[in-house]
A.B. asks: 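Could you have a look at this structure, given as structure tokens, before my questions?
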Amino acid sequence: MSVKISEKTIVSTLEKLEKLNLDEKLHAELSWCWNSFQYDNNPVGVIEKSKKALELLKAKREENSKAVAKKLVEDLEKIALN
């Protein structure tokens, strides 16, 4: 399984989750998985949490297209939908 996980995408996702006050537990879990991935290069947790973040951010974007950038959703899809 070859997955390109972009630090910029994960950091932007974490920032957006925090800014919009969306699911603090998911923010903490994604942050933990990201730090773990940097240590062991095992992408499973990052991918799993990215899928959940993608669902939340897509829903928020449908509510208000200016709340979440289209590029962030597209970049997150590249990680989550692999």
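Counting begins at 1 with the first residue of the sequence.
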A.B. asks: Does Ser50 use its side chain to pair, donor to acceptor, with the backbone of Val46 at less than 3.5 Å?
C.D. replies: yes
A.B. asks: Is there a side chain to side chain contact (heavy atoms under 4.5 Å, CB included) between Lys60 and Leu56 once you walk through the steps?
C.D. replies: CA-CA 6 Å; Lys60 194 65 172 177; Leu56 275 176; over 6 Å; no
A.B. asks: Looking at NZ of Lys49 and CD1 of Ile47, how far apart are the two atoms once the value is rounded to the nearest 0.5 Å?
C.D. replies: 13.0 Å
A.B. asks: Looking at Glu55 and Lys52, does any basic side-chain N land under 4.0 Å from a carboxylate oxygen?
C.D. replies: no
A.B. asks: Begin with the C-alpha distance, continue with both residues' side-chain angles, and end with the deciding distance and a verdict on salt bridge (charged side-chain N to carboxylate O under 4.0 Å, His left out) for Lys78 and Glu74.
C.D. replies: CA-CA 7 Å; Lys78 290 176 189 172; Glu74 290 171 349; over 6 Å; no
A.B. asks: Measuring from Leu76:CG to Leu54:CG, what's the distance to the nearest 0.5 Å?
C.D. replies: 5.0 Å
A.B. asks: So how far is it from Lys16 NZ to Leu22 CG, rounded to the nearest 0.5 Å?
C.D. replies: 9.5 Å
A.B. asks: Could you state whether Trp34 and Trp32 fall into the same hydrophobic cluster, counting links through intermediate Ile, Leu, Val, Met, Phe, Trp or Tyr residues with side-chain heavy atoms under 4.5 angstrom apart?
C.D. replies: no
A.B. asks: If we ignore hydrogens and angles and just use 3.5 Å, is the side chain of Thr13 paired with the main-chain N or O of Thr9 as donor and acceptor?
C.D. replies: yes
A.B. asks: Are Leu72 and Val11 joined in one hydrophobic group, where the rule is that I, L, V, M, F, W and Y side chains link up if heavy atoms are under 4.5 Å apart?
C.D. replies: no
A.B. asks: Indicate yes or no: at least one non-hydrogen side-chain atom of Tyr39 is less than 4.5 angstrom from one of Asn35.
C.D. replies: no
A.B. asks: State whether Lys58 and Glu62 are salt-bridged, where the test is any N-O pair (Lys NZ or Arg NE/NH1/NH2 against Asp/Glu carboxylate O) under 4.0 Å.
C.D. replies: no
A.B. asks: Check whether any side-chain N or O of Asn21 sits under 3.5 Å from a backbone N or O of Leu17 as a donor-acceptor pair, and report yes or no.
C.D. replies: no
A.B. asks: Please walk me through it: do Phe37 and Ile5 pass side chain to side chain contact (heavy atoms under 4.5 Å, CB included)?
C.D. replies: CA-CA 10 Å; Phe37 170 74; Ile5 297 181; 4.1 Å; yes
A.B. asks: Quick one: do Glu48 and Glu29 satisfy side chain to side chain contact (heavy atoms under 4.5 Å, CB included)? Show the steps, please.
C.D. replies: CA-CA 10 Å; Glu48 179 184 322; Glu29 290 172 344; over 6 Å; no
